[in-house]
Number of protein chains: 2
Amino acid sequence: MPAKIIDGRAVAKRIRGEIGAEVDDFRKATGSRPGLGVVLVGDDPASAMYVRMKRRACERVGIRSEARILPAAATQQAVEDAVRGFNEDPAIHGILAQLPLPDHIDEEAVLSQISLAKDVDGIHPVNIGRLGMRGREPSFTPATPTGVMILIDESGVPIEGARAVVIGRSNIVGLPVALMLTNANATVTICHSRSRDLPTLVQGADILVAAVGRAEFVKGDWLKAGAVVIDVGSNSAPDASSDKGYRYVGDVDFESALPVAGHITKVPGGVGPMTITMLLANTLTAARRIAAGCK
Amino acid sequence: MPAKIIDGRAVAKRIRGEIGAEVDDFRKATGSRPGLGVVLVGDDPASAMYVRMKRRACERVGIRSEARILPAAATQQAVEDAVRGFNEDPAIHGILAQLPLPDHIDEEAVLSQISLAKDVDGIHPVNIGRLGMRGREPSFTPATPTGVMILIDESGVPIEGARAVVIGRSNIVGLPVALMLTNANATVTICHSRSRDLPTLVQGADILVAAVGRAEFVKGDWLKAGAVVIDVGSNSAPDASSDKGYRYVGDVDFESALPVAGHITKVPGGVGPMTITMLLANTLTAARRIAAGCK
């Protein structure tokens, strides 16, 4: 029996519907809309596309969005000023610095400027520290990892006591997913480019999160039968049959994984739609907290 | 062939000798001594003992130490004021809040007050976040985990590419050790009380760090032959042959582990002496940075 597909698009649609209704309630109650401020530096086409997608997604649920677009040569001071401007703007409840920033910009210094109350990307170093520590709560959990956790829940497979393998240790996906799974009482192994004998490591996983950024890297015969497979990858692969000449594929070789896995996400249509959805959810939460006078 | 003993006492003694000489150089160069400020709240005997041990260790290498001892009923404000007093004191370069704090005290709020430049325990949430994140550097790494990493290095077994299992996910040992091993390119599995089939998980470990707080919990037949075993536990076990009626034992059943492991630490005399040593090293580093005008 092939794996059940965890349909990220359907889950995202359902949650966005709920967010839209709650944004309406918020407007009725407060007379204002939740607002997201986005800082984009430079003209990387992928970053520009993500910012446009976030803007459209905001519009659809009734969240205001505002972008500060700075030239690639912007100074550290100018980028930090853009963040601080949003910190002080009462119409902005969530702030997102689109990563990666240009090489000459000190990324941590920029992220550290974001007010914790507005850190809807959950990526302030304090929030990452709190995410890992017992008895601490980050003000927000990061968007993609939160989306991953929701998709695992969709499978119905219990996380507590499960063995989970996370491939990749990036600041925005691998590391926080590993911390969140550990907090949810999974036994987590963090794998990366220096890990030896990855197929054997993956073989032990009841839950696999692939966030390595290599097209169709994980093969079906690496998987434990019945595993939950969450594919965070989004890689372009040559495809002569497509008008664009390429298509997007995940970090998992979907065709070979389908007969082995118990539940699996697709690329596109899996984790991708969840990331922006979680950003919208966090922005609404931020607006509610600020309206309620939380600090 | 039984495991080689990694002698934490000898390593600590060697490093403390180096620190003592460097403290002398610092005094000659600056006319002042590095200073450690310790905040102790309440009258827990174990905490009081740790604070006395730290004070004595400071004296022996020429570091000044100063303790603010508050009653168990101290207010949040009073505890934070003690920390802030040390922040502003130019004679204090490192600050340590002895944990655990009483239940009515918000621990994170206290730790967050410690100036990053003086966080010699490496336990400020920002430092834990930086510890885990790629491309970030904490101002200090936490004492016990740093001691663990040095003892692993003493074994001569390469960390890169090794499979490491950490049992325990505490904020001060398990979590930061797992992050430091991941940064050193080990493939790390974090185990805890909800992990199933621990013996099998441990069987895969080239490096085992036991920080679970259960006397002689890990048995020799769980271990992979030749593994490096670092025992962070310090548990009291009944011992009729001792004057005190008890003795200290680790989280590893030493007798059964000795014939299987390749390298192993003892309790006492393993990780324990390293913890205070790393605190001394961090305090010296803090004093040098502050003297050099770093922020």
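Fair warning: this is a prediction, and the values are worked out from it, not measured in the lab. Letters A, B, ... mirror the listed sequences (proteins, then strands); counts begin at 1.
- B/Ala162 touches chain A through its backbone: at least one of N, CA, C or O sits under 4.5 Å from a heavy atom, while the side chain does not.
- Distance check: B/Met133 CE to A/Glu108 CD gives 7.0 Å after rounding to the nearest 0.5 Å.
- Considering only heavy atoms from C-beta on, A/Thr187 stays 4.5 Å or farther from B/Leu198 through its side chain.
- B/Arg196 and A/Glu160 make their closest contact through NH2-O, 3.2 Å (heavy atoms, listed as atom of the first residue, atom of the second, distance).
- Atom CD of A/Glu137 is surrounded by 12 or fewer heavy atoms from other residues, nucleotides or ligands within 6.0 Å.
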| query | When you look at B/Glu107 and A/Arg136, which way does the side-chain contact (heavy atoms from CB on, under 4.5 Å) test go after all the steps? | reply | CA-CA 10 Å; B/Glu107 179 183 298; A/Arg136 309 290 165 84; 2.7 Å; yes

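- When heavy atoms are compared at a cutoff of 4.5 Å, B/Ala164 does not approach chain A at all.
- A side-chain donor-acceptor contact under 3.5 Å links B/His192 to the backbone of A/Ala186.
- For the set A/Arg163, A/Arg130, A/Arg134, the entry with the most heavy-atom pairs within less than 4.5 Å of chain B is A/Arg134.
- The contact between B/Leu201 and chain A is made entirely by side chain atoms (from C-beta outward), counting heavy-atom distances below 4.5 Å.
- Contact annotation for B/Ile172: neither backbone nor side-chain heavy atoms come within less than 4.5 Å of a heavy atom of chain A.
- Interface check for chain A: of the options B/Ile128, B/Asn171, B/Thr189, the most heavy-atom pairs under 4.5 Å are formed by B/Asn171.
- Heavy-atom pairs under 4.5 Å with chain A were tallied for B/Gly129, B/Ser195, B/Gly161; the largest tally goes to B/Gly161.
- Taking non-hydrogen atoms and a 4.5 Å limit, the residue list of residues 205-217 of chain A in contact with chain B is empty.
- Residue contact with chain B, scored on non-hydrogen atoms closer than 4.5 Å, is absent for A/Leu131.
- When the candidates B/Cys191, B/Gly135, B/Gly132, B/Gly174 are compared by the number of heavy-atom contacts under 4.5 Å with chain A, B/Gly132 comes out ahead.
- Side-chain contact check for B/Asn185 versus A/Arg169: some heavy-atom pair is nearer than 4.5 Å.
- Residues that satisfy the side chain to side chain donor-acceptor pair (under 3.5 Å) test with B/Thr141, not counting sequence neighbours, are B/Thr146.
- Interface remark: B/Leu175 contributes side-chain atoms only to the contact with chain A (heavy atom separation under 4.5 Å).
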